[in-house]
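One structure is given below, encoded as structure tokens.
In the text below, chain A, chain B and the rest are named by the order of the sequence lines, each starting its count at 1. Any value given below was found using the heavy atoms of this structure, including those in side chains, with hydrogens, waters and symmetry copies removed. Computed from a prediction, not measured in an experiment: that's the story for all the values here.
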Amino acid sequence: TRGQGRGGRFAFPDWAYKPESSPGSRQIQLWHFILELLQKEEYQGVIAWQGDYGEFVIKDPDEVARLWGIRKCKPHMNYDKLSRALRYYYNKRILHKTKGKRFTYKFNFSKVVLVNYPFNARQSWGGGFQTPFWGPSPPSHTQTSP
DNA sequence: CACGGAAGAG
DNA sequence: CTCTTCCGTG
């Protein structure tokens with residue numbers, strides 16, 4: 001019950017992101033955190049959706065890094081290190097870079113959702129598995145075994 | 001800035 | 001495994 005996070009032009013179903021309130025569970029993941037900031041309008045001066053669907057720009061890299069550092073208890077976090085973590089997402093197909101545009105990345109939503117919330121998603125859709133309305137292409141390979 | 005190898009933490 | 005830290009390269 002977190003109201004419809006309306007990050008402006010983009011909105012996702014609740015199951016599209018992690019209920020960070022997992023009691024002592026595993027740590028929050030960076031892309032969950034990014035999505036979280038993107039949902040809140042009060043951070044639009046720091047990070048916001050811009051351009052194509054799923055594309056966002058980090059308007060204030062230092063601030064996003066600072067916020068991430070606080071969340072992970074890493075006081076020395078900075079954009080250089082945060083962006084390295086973001087780069088690891090390229091191979092995982094969670095994100096990719098919008099080349100030419102500074103501080104701009106793009107989510108591969110169809111992939112992110114399918115890979116991370118397969119069953120959860122199915123349930124939310126009422127039993128029928130289908131491609132989400134925003135997802136263009138389906139996956140075509142297994143990422144766990146090359 | 002952006003990229004990705006390497007080593008290391010938890 | 002998911003980053004965090006450090007760093008050479010373009």
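No donor-acceptor distance shorter than 3.5 angstrom exists from the side chain of A/Lys101 to the backbone of A/Tyr105, with no hydrogens or angles considered. Between the side chain of A/Asp52 and the backbone N or O of A/Glu55, no donor-acceptor pair lies under 3.5 Å. Without hydrogens or angle criteria, A/Lys59 side chain to A/Ala48 main chain gives no donor-acceptor distance under 3.5 Å. At least one donor-acceptor pair under 3.5 Å links the side chain of A/Lys81 to the backbone N or O of A/His76.
You can see that DNA chain B meets the heavy atoms of chain A within a 4.0 Å-exclusive cut from B/dC1 to B/dA7, reading 5' to 3'. The footprint of chain A on DNA chain C, defined by a heavy-atom cutoff below 4.0 Å, extends from C/dT2 to C/dC7.
Residue contacts shown for A/Lys99 are absent, as no nucleic acid heavy atom lies under 4.0 Å away.
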Report task. Test A/Glu36 against A/Gln39 for side chain to side chain contact (heavy atoms under 4.5 Å, CB included), laying out the working first. Result -> CA-CA 5 Å; A/Glu36 198 177 299; A/Gln39 299 289 99; 5.5 Å; no
Report task. Evaluate the criterion side chain to side chain contact (heavy atoms under 4.5 Å, CB included) for residue pair A/Arg71 and A/Ile28; output intermediate values, then yes/no. Result -> CA-CA 8 Å; A/Arg71 181 64 70 90; A/Ile28 186 172; 3.1 Å; yes
Report task. Kindly determine whether A/Leu86 and A/Leu30 satisfy side chain to side chain contact (heavy atoms under 4.5 Å, CB included), including the steps that lead there. Result -> CA-CA 8 Å; A/Leu86 250 29; A/Leu30 179 54; 3.3 Å; yes
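Near-neighbour residues of DNA chain C inside residues 81-88 of chain A, defined by a heavy atom below 4.0 Å, number-ordered: A/Lys81, A/Arg84, A/Ala85, A/Tyr88.
For the pair A/Arg84 and A/Tyr88, the distance from NZ or CZ to the six-membered ring centre is under 6.0 Å and the angle to the ring normal is within 45 degrees.
Going from atom CH2 of A/Trp68 over to atom CE of A/Met77 covers 7.5 Å, rounded to the nearest 0.5 Å.
Residue order along DNA chain B, read from the 5' end via each residue's closest nucleotide, puts A/Asn91 first among A/Asn91 and A/Lys74. Toward the 5' end of DNA chain C, the nearer of the two residues A/Asp80 and A/Tyr89, judged by each one's closest nucleotide, is A/Tyr89.
Annotation: A/Tyr79 is in aromatic contact with A/Phe103 [ring centroid separation under 6.0 Å].
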